[in-house]
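One structure is given below, encoded as C-alpha cells.
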Amino acid sequence: MHKKSIFLIVLLLFVTSKVTFSQCAMCKAVVENGDVSMAEGVNNGITYLMVFPYLLIGALFYIIYRYKKKAKN
C-alpha cells in the first residue's frame, strides 16, 4: 500500500510538471521580447535543470531510509 501511494505521488508530479512551468524575472524579460518557440525552449530548460536537484534529494532520502531500515533489523 505504501509503495502504491509513493508511485501515485511521483506520477502526479510528472503529469503536472508540464502545466507548472515558471520563469525567473530575467528569463521572463528576455522571453517577452521573443517568440513562442523561444519561450517554450526556456521553460523546458528551466524544467530540465530543476529535475536533478529533486532526484538527488529523493535518492538521498531513499538511501537514508534503507540504511535505517537495515539497522533496525
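The figures that follow rest on heavy atoms only: side chains count, while hydrogens, waters and symmetry mates do not.
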| Are Y48 and M50 grouped together when hydrophobic residues (ILVMFWY) are joined by side-chain heavy atoms under 4.5 angstrom apart? | no

| message | Starting from I64 and following side-chain heavy-atom contacts under 4.5 Å between hydrophobic residues (I, L, V, M, F, W, Y), which residues can be reached? | response | L60

| query | So how far is it from K4 NZ to I9 CD1, rounded to the nearest 0.5 Å? | reply | 13.5 Å

| task | For the residue pair Y65 and Y62, categorise the inter-ring angle as parallel (less than 30°), tilted (30 to 60°) or perpendicular (more than 60°). | result | tilted

